[in-house]
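Since the structure comes first, as structure tokens, the remarks are kept for the end.
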Amino acid sequence: MGIDQNDISKAYEAQDVEDNIYSAWEKSGYFTPENLPDLEDRKEAFTIVLPPPNVTGTLHIGHAVMLAIEDAMVRFARMRGKRVLWIPGTDHAAIATQAKVEKLLIKDGLKDPRHDLGREVFLDHVEKFAVESHDTIVHQTKKMGASLDWSREAYTLDEDRSLAVRTVFKMMYDDGLIYRGDRVINWCPRCKSTLADDEVEYKEGKTPFYYFKYGPVVIATARPETKFLDKTIVVHPLDKRYKDLVGSEFEIEWIDGKIKAHMIADEAAYMELGSGAMTITPAHSLVDFEIAKKHNLPVVKIIDEDGNFTDAAGDFAGKNAHASRDAIVQKLQDKGLVDHIDEDYTHSLSVCYRCSTPIEPLPKVQWFIDVNKGFKFRASKHAPINGIKNGQEITLKELMQHVVKSNQIEVIPDRFIKTYFNWIDNLRDWNISRQIWFGHRVPVWYKGEEVYVGVEAPVGKGWEQDSDTLDTWFSAGLWTFSTLGWPKKDNDLNIYHPTQVLETGYDIIFFWVARMILMTTYALGEVPFKQVYLHGLVRDEQGRKMSKSLDNVIDPLDTIKQYGADATRLALMIGSTPGSDSKLSLEKIGSYRNFTNKLWNISRFAFMNVDEVKSMEKVEPKTLADRWVLGRFAEVVEKVTGHMEKYEFSLAGEMLRDFTWNEFADWYLEIAKVQKTQVSSSQNLVDRTDDILLYILERLLIMWHPFMPFVTEEIYKQFDSGMLIVAKWPDLDQNPPVSPLGKGGARWLKKADREAFEGLQGIIIAIRNTRARYKVNPGKKLDVTIASLETLDDQVGIIKALAKVSELTLDPNAKKPEGAAAAVSGKTKVYIPLADLVDFVAERKKLEAELADLMQYVGSLEGKLKNQSYTKNAPADVVSADKLRLEDASNKVKTLKVEIDDLPK
RNA sequence: GGGUGUGUAGCUCAGUUGGUUAGAGCGUCUCGUUGACAUCGAGGAGGUCAGAGGUUCGAGUCCCCUCACACCCACCA
């Protein structure tokens with residue numbers, strides 16, 4: 001009986017099975033940790049929150065790499081017996097989503113959507129869009145095979161998360177950390193909202209740089225339109241040129257007639273730049289604002305939220321500031337106040353990170369989080385932070401620094417710790433209020449002069465809620481614990497928080513990772529996660545960012561359709577290292593699709609003529625090849641497990657791939673054919689061989705599962721041992737494939753077996769080599785004589801089959817027959833009669849070249865071993881290994897020399 | 001201005017704490033359809049590990065400098 005291989009299709013067809021497999025997983029309930037088998041034994045929780053994708057549209061390849069890595073982490077942990085929870089969700093992404101919907105509405109013909117529709121109707125549109133995006137995202141996430149607990153799905157703007165947001169706001173307000181301040185902020189005239197400092201991007205561009213005569217000095221500026229009311233000249237305190245003028249007042253002819261100006265000294269002025277003197281515009285520059293505050297100078301707003309001049313700009317009031325630049329310069333020109341204009345000035349323009357509109361700094365009343373103010377720390381009871389006591393006075397900045405500095409949060413790769421500290425060092429108070437409509441409303445209410453801050457609206461009439469909404473990163477910062485039910489429930493929180501690892505892109509470290517650390521350590525007195533794993537950007541094959549305009553976008557949905565989710569995942573994980581950008585091409589995905597098919601066919605072979613595909617606890621090696629493959633397999637388990645524990649997916653995957661293809665398939669499977677079909681062998685050996693094939697295959701499926709869950713689960717169906725998703729990862733301590741030989745080093749494969757098997761491989765390769773060299777038809781069988789000191793009787797069948805040999809003569813003292821080619825493998829000589837085929841001139845050349853190489857190698861080894869400082873200093877095992885190499889090489893030299901002498905002239 | 005990363009075969013990249021004659025995939029060349037797999041098999045060619053110096057018995061690996069590329073932060077009156 002047995003399984004007929006024709007029952008299983010010749011090639012693995014991903015699109016035929018993936019959706020069914022995913023449904024089966026969902027049906028099994030295993031994505032929810034409470035449903036996992038042997039729950040009581042799963043003492044250790046392993047939690048990851050999925051970085052919630054923005055509901056702005058669809059997933060891209062960056063999301064795919066995130067899902068692939070996190071799913072691998074989660075599946076590995078599940079198979080290792082942990083209580084695994086991976087929480088899905090989406091992010092409302094305030095500004096980004098609102099901007100996207102505005103764009104769509106404008107495309108549909110609206111001029112000013114917000115104004116035309118009003119808050120409520122406009123928000124309805126945004127919500128509808130968000131729901132659609134959400135559905136698309138969930139669908140795509142499932143296509144990737146992500147084993148997320150959908151029963152716990154969250155949304156940054158849903159009820160539970162909103163409650164968490166208001167609660168934290170209230171806590172911070174009561175602690176005096178959230179305050180309302182009037183200061184210069186980053187204003188995006190298109191979004192009509194303020195932005196946090198890190199939401200501002202810089203773009204290089206050329207702008208004219210204007211030099212104006214300003215009383216006794218020449219000042220330079222790229223923005224003449226802001227200079228109307230400048231009255232303060234700032235120079236560096238050490239600048240000798242202006243030393244005597246500091247503190248004096250001048251009467252100066254300026255844009256709208258004569259003004260009174262004065263000069264102050266401040267280190268903010270650079271002596272080398274321009275004339276070394278500048279005027280400041282406190283209302284429209286963050287830096288100037290700070291200088292003004294330091295020197296108690298007035299702040300007068302001359303540009304409003306629409307980008308127009310205020311009444312303070314005199315004749316220009318009401319006009320667009322940017323558009324008026326030329327007119328203003330002309331006016332100064334007419335007055336003879338333009339010194340010169342540098343047309344070739346590179347300037348970095350600050351723009352909105354969402355819509356690339358130039359930022360207009362202006363003064364505005366906003367809500368801020370004070371990162372430098374002390375508050376009384378509330379320590380967690382079940383996962384306290386080491387080194388900070390309950391009630392201790394600390395600032396948010398110090399808290400953020402402490403948990404990373406004290407290694408309570410590990411960062412992979414660790415070089416990003418430097419980046420993180422650098423960011424905190426430069427951190428200013430965080431502007432959390434936005435003037436857009438989509439988002440969490442600031443939980444503050446006003447009635448006349450009265451202000452109420454609370455989790456719920458105040459009772460009584462006449463209260464009006466603050467019209468601002470919160471920065472989207474405020475709610476994202478609560479993600480690890482708001483998703484677990486805080487502040488309402490604490491069951492999940494106690495089991496699953498702190499989460500184990502946060503996996504995300506390095507580009508989001510400030511926006512999100514740092515904010516989560518801030519929010520969680522503050523609100524819970526715990527770290528949000530114990531580890532941070534940062535992946536890089538996925539670029540195209542030329543290393544460019546993927547973008548619509550370059551038409552180089554690889555859409556994961558397309559590649560899943562064409563090559564399968566497993567191939568897509570492998571291509572994203574193997575060959576890339578954390579923190580570094582990686583390049584992706586369709587060819588690469590194609591080559592991994594080939595591998596999924598290879599694994600599929602290895603399985604087809606293993607299932608051939610097997611009565612029952614059953615899981616096996618133990619197998620008995622009978623032959624050299626058996627001992628070799630099981631020993632090698634144990635080594636692979638050991639190394640791959642180590643890599644997986646350290647999240648070294650690329651190394652683990654490569655090692656698995658090498659073993660699966662180059663050792664298990666290319667060698668053991670071929671040998672298995674011999675062992676299975678040798679009539680002379682007992683049925684026992686046939687069964688043993690099948691057992692070993694199945695034994696290794698089952699465990700390879702387990703180890704491949706985190707990388708390619710679909711194909712492995714599909715093949716695993718044959719084993720009739722439940723679902724692969726909850727199979728147990730091989731445990732070398734509990735149940736190793738072979739008994740360990742000792743501790744450390746090479747404990748799974750006897751040295752003699754390794755050498756014997758490698759010797760066998762050497763002989764086969766030598767024959768294949770010779771055949772290829774003389775272009776012997778691969779189907780044609782040859783007679784071969786082997787002169788070897790080793791006993792090869794048991795390997796005759798293998799050599800015959802793998803090297804296509806008809807008559808094999810084993811004779812330690814054999815002499816080379818006339819007209820035979822000779823090959824050397826270690827101490828073994830292989831003679832292959834080729835009669836007239838052999839071109840002895842070419843043969844001699846080839847052997848002489850080989851000899852020359854070898855002599856050089858021997859020479860270098862001899863030199864090395866003669867060197868006393870080497871033999872004295874190097875570890876004994878290194879030296880003895882070299883001695884062995886020398887012995888081997890010298891033997892080969894001797895044999896080769898004889899061969900060459902034997903050749904007819 | 002401060003910082004980080006990268007530079008290894010034609011291309012994409014591995015290379016663990018320094019220790020075989022530096023590896024893989026793709027591509028390329030030769031030969032091949034023998035019942036797991038042509039999404040395949042066998043074999044070959046291809047590298048002064050960016051350059052210079054240093055430490056060491058020994059450097060792709062550690063240190064210093066130089067060059068090239070990429071990125072981050074700050075600043076740009």
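Being a predicted model, the structure only gives us computed values, none of them experimental. Just so we're on the same page: letters track the sequence lines, and every chain starts at 1.
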- Item | Contact under 4.0 Å: A:Asn601 side-chain N or O vs B:A36 OP1/OP2 | no
- Message: Less than 4.0 angstrom between a side-chain N/O of A:Asn594 and OP1 or OP2 of B:C37, yes or no?
- Response: no
- Item | A:Trp661 vs B:C37: side-chain N/O to OP1/OP2 distance below 4.0 Å | no
- Could you give the OH-to-P distance, from A:Tyr353 to B:C72, as a whole number of Å? 16 Å
- Task: Answer yes when A:Arg754 and A:Glu635 have at least one side-chain N-carboxylate O distance shorter than 4.0 Å, and no when they do not.
- Result: yes
- Query: Contact class for A:Arg768 vs. all strands (heavy atom < 4.0 Å): base, sugar-phosphate, or nothing?
  - Reply: sugar-phosphate
- Task: Flag the pair A:Asp882 / A:Lys864 as yes when at least one side-chain heavy-atom distance between them is below 4.5 Å, and no otherwise.
- Result: yes
- Task: Report yes or no: do A:Tyr12 and A:Asn601 form a side-chain donor-acceptor pair below 3.5 Å?
- Result: no
- Message: Does B:C37 have OP1 or OP2 under 4.0 Å away from a side-chain N or O of A:Arg604?
- Response: yes
- Message: Considering every strand and a 4.0 Å limit on heavy-atom distances, what is the contact class for A:Val287: base, sugar-phosphate, or nothing?
- Response: sugar-phosphate
- A:Asn597 has an atom CG; how far is it from atom P of B:G41, in whole Å? 10 Å
- Query: Any idea which of B:C57, B:A74, B:U20 is nearest the A:Tyr857 side chain?
  - Reply: B:U20
- Item | Rounded interatomic separation in angstrom, taking CZ from A:Arg771 and C1' from B:A42 | 10 Å
- Query: Nearest to the side chain of A:Asn769, which nucleotide is it out of B:G19, B:G43, B:A14?
  - Reply: B:G43
- Item | Nearest listed nucleotide, side chain of A:Asp666, among B:C73, B:C57, B:A42 | B:A42
- Task: Between B:C73, B:C37, B:C57, spot the one nearest the side chain of A:Lys10, thanks.
- Result: B:C37
- Among the nucleotides B:A14, B:G3, B:A36, which one has an atom lying closest to any side-chain atom of A:Lys418? B:G3
- Query: Of all the choices, B:A24, B:A36, B:U16, which nucleotide is nearest to the side chain of A:His643 once you look at every atom?
  - Reply: B:U16
Under 3.5 Å, side-chain donor or acceptor atoms of residues 872-879 of chain A against the rest of the protein: list the pairs with distances, not counting sequence neighbours.
| residue | atom | partner | partner atom | Å |
| --- | --- | --- | --- | --- |
| A:Asn873 | ND2 | A:Ser869 | O | 2.8 |

- Among residues 575-591 of chain A, which residues get a heavy atom nearer than 4.0 Å to RNA chain B? A:Gly575, A:Thr577, A:Lys583, A:Ser591
- Separation of the C1' atoms in B:C57 and B:G25, to the nearest angstrom: 36 Å
- Task: Return the value, rounded to whole Å, for the distance between atom CZ of A:Arg415 and atom P of B:G2.
- Result: 21 Å
- Message: Rounding to an integer number of angstrom, what distance separates B:G3 and B:C65 when you compare their P atoms?
- Response: 11 Å
- Query: Using Watson-Crick and G-U wobble pairs whose two distances are both under 3.5 Å, how do you write the pairing of RNA chain B as dot-bracket, with | for links to another strand?
  - Reply: (((((((..((((.....[...)))).(((((.......))))).....((.((..]....)).)))))))))....
- Message: Let's go through A:Tyr668 and A:Phe659 carefully: what are the C-alpha distance in whole Å and the side-chain angles of both, what is the deciding distance for ring-ring contact (aromatic ring centres under 6.0 Å, His included) to 0.1 Å, and is it a yes or a no?
- Response: CA-CA 10 Å; A:Tyr668 190 72; A:Phe659 177 79; 9.4 Å; no
- Query: How many Å lie between CG on A:Leu861 and C1' on B:G19, as a whole number?
  - Reply: 12 Å
- Winner on side-chain proximity to A:Ala874, out of B:C73, B:C57, B:U34, is B:C57
- Task: Mind calculating the distance between OH (A:Tyr420) and P (B:C71) to the nearest angstrom?
- Result: 26 Å
- Item | Salt bridge present between A:Asp230 and A:Lys227 (N-O < 4.0 angstrom) | yes
- Closest-nucleotide 5' rank along RNA chain B - winner of A:Arg773 and A:Tyr345: A:Arg773
- Message: Counting the atoms with a prime plus P, OP1 and OP2 as sugar-phosphate, which does A:Glu670 contact under 4.0 Å by heavy atoms, base, sugar-phosphate, or nothing?
- Response: base
- Message: Please report the distance separating the P of B:C67 from the corresponding atom of B:U21, rounded so that it comes out in whole Å.
- Response: 35 Å
- With the threshold set at 4.0 Å, does a side-chain nitrogen-carboxylate oxygen contact exist between A:Glu654 and A:Arg657? no
- Task: Between B:A42 and B:U6, how far apart are the P atoms? Round to whole Å, please.
- Result: 35 Å
- Is any side-chain N or O of A:Lys673 closer than 4.0 Å to OP1 or OP2 of B:A36? yes
- Message: Under 4.0 Å, counting only non-hydrogen atoms across every strand here, what does A:Arg657 touch: a base, just sugar-phosphate, or nothing?
- Response: sugar-phosphate
- Message: For a quick check of understanding: with a heavy-atom distance under 4.0 Å over all strands, which category does A:Ala665 fall into, base, sugar-phosphate or nothing?
- Response: base
- Taking atom C1' in both B:U4 and B:C40, compute the distance separating them and give it to the nearest angstrom. 44 Å
- Looking at every strand, decide which applies to A:Ile602 at a 4.0 Å heavy-atom threshold: base, sugar-phosphate, or nothing. base
- Just how far, in rounded Å, is P of B:G43 from CG of A:Asn662? 11 Å
- Message: Within the 4.0 Å heavy-atom criterion, would you say A:Asn873 contacts the bases, only the backbone, or no part of the nucleic acid?
- Response: base
- Item | Whole-Å gap separating P (B:A74) and CG (A:Leu286) | 11 Å
